[in-house]
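These numbers come from a predicted model, not from an experiment. A note on names: the letters A, B, ... follow the listed sequences, proteins ahead of strands, and every chain is numbered from 1.
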Amino acid sequence: MTSETTSAPDSRPIRVRIAPSPTGDPHVGTAYIGLLNYIFAKQRGGQFVLRIEDTDRTRFVASSEQMIFDALKWVGLTWDEGPDVGGPYGPYRQSERTGIYREHADILLANNTAYRCFCTAEELESARERQKAARQPPRYDGHCRRLTPEQVAANLAANKPHVVRLSVPLEGSTTFRDELRGDITFDHTNVDDQVLLKSDGYPTYHLANVVDDHLMRITDVIRAEEWISSTPKHVLLYNAFGWELPKFWHMPLLRNVDKSKISKRKNPVSLVYYRESGYLPEAMLNFLGLMGGGMAQPTEEEIVSKHLNTKEGDIFSLAEMLEKYDFKRISLGGPVFDLVKLKWLNGEYIRKLSPDAFFAALRHTILSDDYIQAIAPLIQARIDTLGQFGDMTGFFFSDNVLPPETVWLPKKRTFEDTVAFAAEQLATLEAAAWDAASIETTLKELGEAKQWSVKENFMLLRAILTGSTTSPPLMESLIVFGKSRSLDRLRRFLETQKKLANQRK
RNA sequence: GUCCCCGUCGUCCAGCGGUUAGGACACCGCCCUUUCACGGCGGUAACACGGGUUCGAAUCCCGUCGGGGACGCCA
């Protein structure tokens with residue numbers, strides 16, 4: 001049995017969506033995929049939908065949704081339908097659609113394309129271990145698929161917690177068309193019986209995304225490449241419901257410098273970081289547009305007729321992207337998110353600003369009243385003339401703060417131990433809520449566990465953050481400076497020390 | 001490990017069977033300049049490898065190698 005794709009007829013009005021998950025800071029990848037979806041819709045007179053995929057209640061972060069809205073608006077992307085603006089196919093928050101998913105799971109249960117599974121997390125875990133040990137691909141063994149109706153009824157009567165799994169055909173394969181790559185085939189022996197409905201009653205991405213994309217009349221699914229391997233499950237689901245397939249466009253993944261999938265351990269990924277560090281949204285959007293190569297470079301004739309500088313081919317606005325971006329041009333190699341080039345591009349945008357606009361940009365970010373007002377109380381008692389303001393607050397306004405070893409290395413500690421401890425501080429702070437009490441508590445716990453005195457512990461962090469052993473209060477400084485920039489400073493410190501250590505070898 | 005995707009300068013892109021393989025960032029040099037930056041000019045630097053197909057391959061096909069992703073009651 002082989003499933004064939006049938007593409008949506010081109011007569012349907014184009015509708016695309018971006019579906020971020022509110023699990024933390026808004027991600028550059030979200031802006032990247034959002035931009036692409038936005039361009040795709042606008043070029044075709046279509047609609048761009050924002051859907052919040054908040055079905056993982058364990059990773060849910062309450063403040064995240066608003067940050068996602070703000071970040072997308074900051075880069076200049078607006079959506080036609082979404083949780084905040086509504087629309088004809090709402091609600092647009094998946095947590096508000098759980099009834100819909102349950103109904104649809106029932107449809108699959110009824111037509112035998114899904115089954116209930118009563119296996120516990122522990123059982124699954126040990127099965128996975130066994131498979132790994134036997135060098136088998138980790139897959140669900142299909143135990144509950146073979147349950148008799150009587151056994152299922154008994155389990156249900158006993159109120160046993162369970163999930164609903166997709167019943168993937170044992171034989172055959174599924175082929176789907178990727179609009180950028182052509183046909184892709186997966187043998188069903190390589191497609192797992194994916195959980196569709198979790199035991200807490202929430203759907204997994206796979207069910208929710210298929211149901212919502214259909215109900216919301218999405219015609220083109222433009223998402224990251226990491227989804228290719230689960231697309232056969234989605235195709236199977238569309239078929240199980242008897243629904244028409246959308247078109248799939250899998251975009252190459254943004255990469256760290258080492259080519260791995262972009263991640264916060266290796267690269268700043270929070271849009272909040274870029275905003276607070278003084279990147280201009282136009283530059284960010286331009287840079288994301290450069291990734292993947294969908295923009296044609298100007299021809300020689302254009303360069304001559306429009307008197308373009310050769311570098312102008314890399315500089316373009318959202319309006320120009322709308323006009324010229326061509327999805328068929330996208331190159332499939334994963335582009336490295338190169339901060340060096342982003343910085344250059346941002347510089348180009350800064351230089352183009354009128355003096356008034358440049359001043360305004362400063363006053364909206366690094367020199368905003370809010371920022372200075374937050375800093376002022378930290379140093380009021382510590383200066384004697386207003387002219388000394390900058391002496392103690394420079395680190396709040398600097399990008400590169402790299403203290404020498406004489407400043408950050410405690411007398412009784414070795415280089416290696418100290419760098420290792422700073423890495424622990426980073427991990428601890430990453431997980432911390434950003435308020436003084438939380439930061440202080442978690443840091444002290446770390447210090448106790450690792451036998452670092454409070455003084456050594458806090459002084460190290462102070463040195464890394466401020467570049468000095470004399471500074472305004474640490475907790476308050478961290479909070480005013482902001483989580484994303486503080487963590488970035490710590491990461492850059494570690495990176496620099498690692499490089500220096502390697503050079504010495 | 002299994003499956004899938006990908007493969008042009010260090011990085012981002014151009015190239016679609018015939019080019020001295022082009023541009024941008026970065027780097028280096030020169031010019032401008034009281035400094036730095038900006039700007040201008042120039043330079044170093046790539047078709048992963050091996051087989052085909054072809055009069056001719058960076059371009060088409062196959063294999064190898066390399067990189068990446070997925071393999072969760074995460075998205």
Report task. Mind checking A/G292 for me? I need base, sugar-phosphate or nothing, with any heavy atom below 4.0 Å counting as a touch. Result -> sugar-phosphate

Report summary line: In whole angstroms, the gap separating C1' of B/rC25 from OH of A/Y349 amounts to 15 Å

Query - A/F358 CZ - B/rC38 C1' separation (whole Å) - result: 13 Å

**Report entry** Heavy-atom donor-acceptor pair, A/S199 side-chain to B/rC73 base, under 3.5 Å
**Finding:** yes

Query raised in the report: Does any nucleotide pair with B/rA45 by Watson-Crick or G-U wobble geometry, both distances under 3.5 Å, and what is it?
Result: none

Requested in this report: Inspect the contact between A/R93 and A/E96 and indicate whether a charged nitrogen and a carboxylate oxygen are less than 4.0 angstrom apart.
Outcome: yes

**Report entry** Distance between C1' atoms of B/rA48 and B/rG66 (Å, rounded)
**Finding:** 7 Å

Report summary line: A/I330 atom CD1 is separated from B/rC13 atom C1', nearest whole Å, by 13 Å

Query raised in the report: How is A/R329 classified with respect to the nucleic acid when contacts are heavy atoms under 4.0 Å: base, sugar-phosphate, or nothing?
Result: sugar-phosphate

Query raised in the report: So what does A/F186 hit on the nucleic acid, given a heavy-atom distance under 4.0 Å: a base, only sugar-phosphate, or nothing?
Result: sugar-phosphate

Query - Nucleotide paired to B/rG39 in any strand shown, Watson-Crick or G-U, under 3.5 Å - result: B/rC31

Query raised in the report: Can a donor-acceptor pair under 3.5 Å be found between the side-chain atoms of A/K341 and the base atoms of B/rA24?
Result: yes

Query raised in the report: Can you tell if the side chain of A/F69 reaches within under 4.5 Å of the side chain of A/D84, non-hydrogen atoms only?
Result: yes

Report task. Mind checking A/R255 for me? I need base, sugar-phosphate or nothing, with any heavy atom below 4.0 Å counting as a touch. Result -> sugar-phosphate

Report task. Tell me whether the OP1 or OP2 atom of B/rC12 has a side-chain N or O from A/K259 closer than 4.0 Å. Result -> yes

Query raised in the report: So what does A/V163 touch, heavy atoms closer than 4.0 Å: a base, only the sugar-phosphate, or nothing?
Result: base

Report task. Write down the partner of B/rG22 under the Watson-Crick or G-U wobble criteria, each distance required to be under 3.5 Å. Result -> B/rC13

Report task. Describe the nucleic acid contact of A/P138 in one word from base, sugar-phosphate, nothing, applying a heavy-atom distance below 4.0 Å. Result -> base

Query - Side-chain N,O (A/S331) to OP1/OP2 (B/rC6) below 4.0 Å - result: no

Query - No-hydrogen, no-angle side-chain donor-acceptor test under 3.5 Å, A/D183 and A/T175 - result: no

Requested in this report: Please measure how far the C1' atom in B/rA57 lies from the corresponding atom in B/rC25, and state the result in whole Å.
Outcome: 30 Å

Query raised in the report: Would you say a side-chain N or O of A/K311 is under 4.0 Å from OP1 or OP2 of B/rG39?
Result: yes

Query - Sugar-phosphate only, base, or nothing, as touched by A/E123 at under 4.0 Å among non-hydrogen atoms - result: nothing

Query raised in the report: Across the strands shown, which category fits A/S21 at heavy-atom distances under 4.0 angstrom: base, sugar-phosphate, nothing?
Result: sugar-phosphate

Query raised in the report: P atom, B/rC71 versus B/rC13: distance in rounded Å?
Result: 25 Å

Query raised in the report: With rounding to whole Å, what would you report as the distance between B/rC3 and B/rU64 at their P atoms?
Result: 12 Å

Report task. Look at the side-chain N and O atoms of A/K198 and state whether any lies under 4.0 Å from the OP1 or OP2 oxygen of B/rC74. Result -> yes

**Report entry** B/rC62 and B/rA21, which share atom name C1', separated by this distance in whole Å
**Finding:** 25 Å

Report task. Determine the Euclidean distance between corresponding C1' atoms of B/rU53 and B/rG29; express it in Å to zero decimal places. Result -> 46 Å

Requested in this report: Taking the six-membered ring for Trp and the full ring for Phe, Tyr or His, determine whether the centres of A/W227 and A/Y205 are under 6.0 Å apart.
Outcome: yes

Query raised in the report: Any donor-acceptor pair under 3.5 Å between the side chain of A/R59 and the base of B/rC74?
Result: yes

Query raised in the report: Any side-chain heavy atom of A/H206 sitting closer than 4.5 Å to one from A/L166?
Result: no

Report task. Could you tell me if the ring centre of A/F241 sits under 6.0 Å from that of A/H104? Result -> yes

Report task. For nucleotides B/rG50 and B/rC41, find the distance between their P atoms and express it as a whole number of Å. Result -> 39 Å

Query raised in the report: With sugar-phosphate meaning primed atoms plus P, OP1 and OP2, does A/R351 contact a base, only sugar-phosphate, or nothing at under 4.0 Å between heavy atoms?
Result: sugar-phosphate

Query raised in the report: How would you label the contact of A/M295 with the nucleic acid (heavy atoms, under 4.0 Å): base, sugar-phosphate, or nothing?
Result: nothing

Query raised in the report: In whole angstroms, how far is the P atom of B/rC38 from the NZ atom of A/K343?
Result: 14 Å

Query - Whole-angstrom distance between B/rC27 and B/rG63, as gauged at atom P - result: 42 Å

Requested in this report: Check every strand shown and say whether A/T23 touches a base, only sugar-phosphate, or nothing at a heavy-atom separation below 4.0 Å.
Outcome: nothing

Query raised in the report: Taking a pair as Watson-Crick or G-U wobble with both distances under 3.5 Å, which nucleotide is matched to B/rG66?
Result: B/rC6

Report summary line: If pairing means Watson-Crick or G-U wobble with both distances under 3.5 Å, then the partner of B/rA58 is none

**Report entry** Pair A/R491 + A/E430: basic N to acidic O under 4.0 Å
**Finding:** yes

Query raised in the report: Contact class for A/T58 (heavy atom, under 4.0 Å): base, sugar-phosphate, or nothing?
Result: nothing

Requested in this report: Verify the contact: side-chain N or O of A/R128 to OP1 or OP2 of B/rC73, cut-off strictly under 4.0 Å; return yes or no.
Outcome: yes

Report summary line: Exactly one candidate in A/K233, A/R165, A/R145 meets side chain to side chain donor-acceptor pair (under 3.5 Å) with A/D193; the answer is A/R145

